[in-house]
Number of protein chains: 2
Amino acid sequence: MTLGTASTEWRQARRQSARDAIVDAAWAVVAEAGLAGLSMRDLATRAGTTTPTLYAYFGSKNAIYDAMFGQAARAFAEHMAPEYQERDPAAVVRESVGRFVAFSLDDVPRYQLLFQRTVPGFEPSPESYAYAVTALDDTRGRLARVGISDARHLDMLTALVTGLVDQQLSNDPGGRRWVRLIDELIEMFLDHCQRPERKGGSHHGQRQNR
Amino acid sequence: MTLGTASTEWRQARRQSARDAIVDAAWAVVAEAGLAGLSMRDLATRAGTTTPTLYAYFGSKNAIYDAMFGQAARAFAEHMAPEYQERDPAAVVRESVGRFVAFSLDDVPRYQLLFQRTVPGFEPSPESYAYAVTALDDTRGRLARVGISDARHLDMLTALVTGLVDQQLSNDPGGRRWVRLIDELIEMFLDHCQRPERKGGSHHGQRQNR
DNA sequence: GTCTATAGCTGGATAGAC
DNA sequence: GTCTATCCAGCTATAGAC
């Protein structure tokens, strides 16, 4: 790697830290105005600068959303990655779900940006998206290693967990009405997964609904 | 009731049908532009009129959202109300969940308006909200009559169903990837509800998460 | 790179003639 | 009630001086 002189490296480092400062200010704005309420004016004011300066660092407003998405995806990956102390399947699933729920409830706009599609014209770039995909794949792998590998069961678990988070956020924000159901929901889920196959093949696509 | 002459009744009927025509046009607009993409200009064009005329029938844009919410809530109540042929608990739960999911997937903006809080400054009026509350209460009563009455279990079921719908809509729109899991999810849920109480009181609030 | 100033557009809502 | 015309606020984004 002899691509840059020391001076260009300094420049790039300064540029990167300036970009980071803008993204930090962006998180502060959406925390108050909501994810869709981010405006370039507010952001410039909050960052102590003006809109043309923002455009010197980001080509568009969506580029800022994308940088936020990248930060969030990275944080998500780091939050899910640390090794799990527990060994038995129930404990691993519980810890995995617990981490996801804790991460989601910790920062609502971050959750909306990462996992809901709520910003009108925004699609994350492949680079930003990659972190989120990796983290989710890791989680899937971890579940597979403790025996939860059936595709249907994984889809059921994602529906269950996202439903839990969504209900908690929209019907009891700041409370614990649905969060406290985690253990019981996971117990229900694991009991079901460990149950022997049904006679007659009632699942796995043979039978249609209704 | 001697409040109005025949002529004022005619006027009110005409006025109501004009309002209905505007609301119908509004549904057509959101079907194309998304729920948040409704603009008074587009709506006026679609309804074959102009914006001042809209304001002759509705005091604000949110008043139009409210009329849409009222229509949707009424439709939801009518969709859930008809008597159920089935008697045994599993079949009743299955039919109830099936109706909810079918109604939700049938019209996505309608689902978003009714059950998600996605329109920025909009809160439904008490009158419009009443229909939705009634329909949900009826559903709860129906479940209670077949033995699903525990508050925790009801919250679990709502999380499960909304999670199912949300995953289906956002990760496989138009498909059946999560819809086909309905029977298995309900079987799992019912198995859990019919299970005898745990020894030691591990649920019902004694034990906190983590 | 950073500013002032503003272009260009779209939104909700209204004035006033008819 | 319905129109033409318009106001005013907010937005993203840019031109051009320094």
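All chains are named by letter (A, B, ...) in the order of the sequence lines, taking the proteins before the strands, and each is independently numbered beginning at 1.
Cation-pi check for Arg99(A) over Phe76(A) is not met; the charged atom does not lie both under 6.0 angstrom from the ring centroid and within 45 degrees of its normal.
The distance between atom CG of Asp42(B) and atom C1' of dA13(C), rounded to the nearest whole Å, is 16 Å. The interatomic distance linking Met40(A) (CE) with dA9(D) (P) rounds to 23 Å, in whole Å. dT14(C) atom P lies 16 Å from atom CZ of Phe58(B), rounded to whole Å. Straight-line distance from the OH atom of Tyr57(B) to the C1' atom of dA13(C): 18 Å, rounded to whole Å. Rounded to whole Å, atom P of dG1(C) lies 15 Å from atom CH2 of Trp10(A). Summarising the geometry, the separation between CD1 on Ile22(A) and P on dT2(C) is reported as 8 Å, rounded to the nearest angstrom. Per the geometry, CG belonging to Asn62(A) stands 13 Å off C1' belonging to dA13(D), to the nearest Å. Here the C1' atom of nucleotide dG1(D) and the CD atom of Gln12(B) are 16 Å apart, to the nearest Å.
Contact annotation: Arg15(A) reaches the phosphate of dG1(C) (side-chain N/O to OP1 or OP2, under 4.0 Å). Between Thr53(B) and dC3(D) there is a side-chain N or O to OP1 or OP2 distance below 4.0 Å.
Leu38(A) and Val30(A) get closest at one heavy-atom pair: CB-CG1, 4.0 Å.
Counting any heavy atom pair closer than 4.0 Å across all strands shown, Thr50(B) reaches a base atom. Within the nucleic acid shown, Leu38(A) comes within 4.0 Å of sugar-phosphate atoms alone, with no base atom in reach, counting heavy atoms only. Among the protein residues, Ser60(A) comes within range of the sugar-phosphate backbone only, with heavy atoms under 4.0 Å from sugar or phosphate atoms but none that close to a base. No engagement by Arg14(A) is indicated, since no non-hydrogen atom pair under 4.0 Å with the nucleic acid exists.
Distances were taken from every side-chain heavy atom of Pro52(A) (C-beta onward) to each of dT4(C), dT2(C), dG1(D); the shortest belongs to dT4(C). The nucleotide whose nearest atom lies closest to any side-chain atom of Ser39(A) is, among dC11(D), dT2(D), dA13(C), dC11(D). Checking dG11(C), dC3(C), dT2(D) against every side-chain atom of Arg41(B), the shortest atom distance belongs to dG11(C). Taking every side-chain heavy atom of Lys61(A) into account, dA13(D) is the closest of dT2(D), dA13(D), dC3(D). Among dC11(D), dC3(D), dA13(C), the nucleotide with an atom closest to any side-chain atom of Tyr55(B) is dA13(C).
Position along DNA chain D of the nearest nucleotide to Ala18(B) versus Thr51(B) favours Ala18(B) as the more 5'-ward residue.
Residue pairs that meet the salt bridge (charged side-chain N to carboxylate O under 4.0 Å, His left out) test with at least one member in residues 115-136 of chain A, sequence neighbours left out, do not exist here.
The side-chain contact (heavy atoms from CB on, under 4.5 Å) test with Tyr111(A) singles out one residue from Thr118(A), Leu105(A), Asp166(A), and that residue is Asp166(A).
Remark: the Gln167(B) side chain and the Thr162(A) side chain contain an N/O donor-acceptor pair separated by less than 3.5 Å.
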